[in-house]
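Here is the structure we will look at.
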There are 2 protein chains.
Amino acid sequence: MPAKKTSKEELTVKAMQLFRKKGYFNTSIKDLSEACNIPKSHFYYYFKGGKVDLMVEVLEAVRGYFTERVFPIATNVDLSNEEKWSKIAEKLQRIFLSQKGGCIMGLTTLEISNAPEKDVFLPIIQSYFSEMINCIEGIYTGQPNSRELATRAVQDIQGGLMLMQLYGDSSYFLSALERSHPNKQGI
Amino acid sequence: MPAKKTSKEELTVKAMQLFRKKGYFNTSIKDLSEACNIPKSHFYYYFKGGKVDLMVEVLEAVRGYFTERVFPIATNVDLSNEEKWSKIAEKLQRIFLSQKGGCIMGLTTLEISNAPEKDVFLPIIQSYFSEMINCIEGIYTGQPNSRELATRAVQDIQGGLMLMQLYGDSSYFLSALERSHPNKQGI
DNA sequence: GTCTATAGCTGGATAGAC
DNA sequence: GTCTATCCAGCTATAGAC
């Protein structure tokens, strides 16, 4: 395992934590370098395109994590829909409650959607949310309007993450998870 | 009507539009001054506390608008719950679809909730969302769990505004409004 | 690959003329 | 009240030694 690869991954993880907490525009390369105990210029060695390049790497890493570790749960044929959901809900709780800060995808969307960087960042985030909606839709099999229910679940969760940040109270997020349980989707 | 008051209001409105589109950290005093065709220093005459002070004024103006013009619809005794909701939904559509940009309250929450400015900004936004939840709860009278349903509606709408920004498609927001109709809250 | 040093610019904010 | 001029801190990014 080459040292380069390891270091770049470490920087990406640290950057993710900071972007998630403080947002893209309010996180400076100086903040990052101090959090990593390296000189600022080191970032420009690994991320030739500067801050934008770094953010792309971060967003793709987050999306990749969900694509590989979270969303595939929905296609596991050995699990019932209830089991799939409880496993996914557990993962989401670990991800969004384990550290301060909210959802980097939601925050970046709002920060960036009217800025020049949108052309680079938004496509990655769009894939992320499309995959998430598809994932949940797969768990709502049998419902005639499974697509709308899945979209609603994602919106509810995303709004819950926002109110969680606002009031410092995780119950908004947790309630959204409960409401999104496949057992509760009957109309 | 003194000239001072008028000018300050104009600056506040322009600032609101920019903050809503670009966010707090990515909007500079220079951006604002160019949008208003005045020198930068002019802002510091009206808003002694600088950018923070200006943002407080903006957030309070937005909150004030909803408190005076939107939320009172829910307590109008001449209207049925359906009528109340359709009037409120109409207002929300005018507010959130008439111009580019999303919800300044949601964006600011996520941008600021781990920054020093949170102590000044978040209380105003908290009042705004608490009033909104109360407002919708008042329309869900008769439902045993009206509070949870109202909270869900706010989260759904807020998530819808986010996906609207992300995909450039207002149907996420509009679907949330439809789902939040008091007629559809039976369990 | 990792560092120091610094360029070059833009940020928020202020002083002071008018 | 409104302007010009300016300060200084902070930013991204690069050059170049080691």
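FYI, side chains are in, hydrogens and waters are out, and symmetry mates aren't considered; it's all heavy atoms of this structure. Letters A, B, ... are given to chains in the order of the sequence lines, protein chains preceding strands, and every chain is numbered from 1. Everything quoted here is computed from the prediction, not taken from an experiment.
For the atom pair B:Ser175 OG and B:Asp169 CG, the distance stands at 8.5 Å (nearest 0.5 Å). For the atom pair CD of A:Glu131 and CZ of A:Phe66, the computed distance is 10.5 Å after rounding to the nearest 0.5 Å. Considering CZ of A:Phe71 and CD1 of A:Ile73, their distance stands at 10.0 Å, rounded to 0.5 Å. Taking CE from B:Met16 and CZ from B:Phe19, the interatomic distance works out to 11.5 Å, rounded to the nearest 0.5 Å. Interatomic distance, B:Met105 CE to A:Met162 CE, rounded to the nearest 0.5 Å: 10.0 Å.
Across the protein-nucleic acid pair, A:Ile29 atom CD1 and C:dC9 atom P stand 19 Å apart, rounded to whole Å. Between B:Leu54 atom CG and C:dG11 atom P there is a gap of 15 Å when expressed in whole angstrom units. The distance between atom CG of B:Asn26 and atom P of D:dG10, rounded to the nearest whole Å, is 19 Å. When rounded to the nearest whole Å, the span between CZ of B:Phe47 and P of C:dG12 equals 14 Å. Between the OH atom of A:Tyr24 and the C1' atom of D:dT12 there is a distance of 10 Å, given to the nearest Å. Here the C1' atom of nucleotide C:dT6 and the NZ atom of A:Lys30 are 16 Å apart, to the nearest Å.
Contact between the side-chain N/O atoms of A:Tyr44 and the OP1/OP2 oxygens of D:dT14 is not found at any separation under 4.0 Å. Applying the 4.0 Å criterion to OP1 and OP2 of D:dT2, one finds that B:Tyr45 has every side-chain N and O outside that range. Between A:Tyr46 and the phosphate of C:dT2, there is a side-chain N or O to OP1/OP2 separation shorter than 4.0 Å.
Taking the centre of each ring, A:Tyr24 and A:Phe121 come in below the 6.0 Å mark.
At least one test fails for A:Lys48 against the ring of A:Tyr46: distance under 6.0 Å to the centre or angle within 45° of the axis.
One axis for each end of the helix from C:dG1-D:dC18 to C:dC18-D:dG1, each built from five base pairs, and the angle between them comes to 10° at 10° resolution.
B:Asn81 pairs by the side chain to side chain donor-acceptor pair (under 3.5 Å) definition with B:Thr141, not counting sequence neighbours.
At a non-hydrogen distance threshold of 4.0 Å, A:Pro39, A:Ser41, A:His42 from residues 31-43 of chain A come into contact with DNA chain C.
Contact between A:Leu97 and A:Leu174 at its shortest, heavy atoms only, is CD1-CD2, 4.0 Å.
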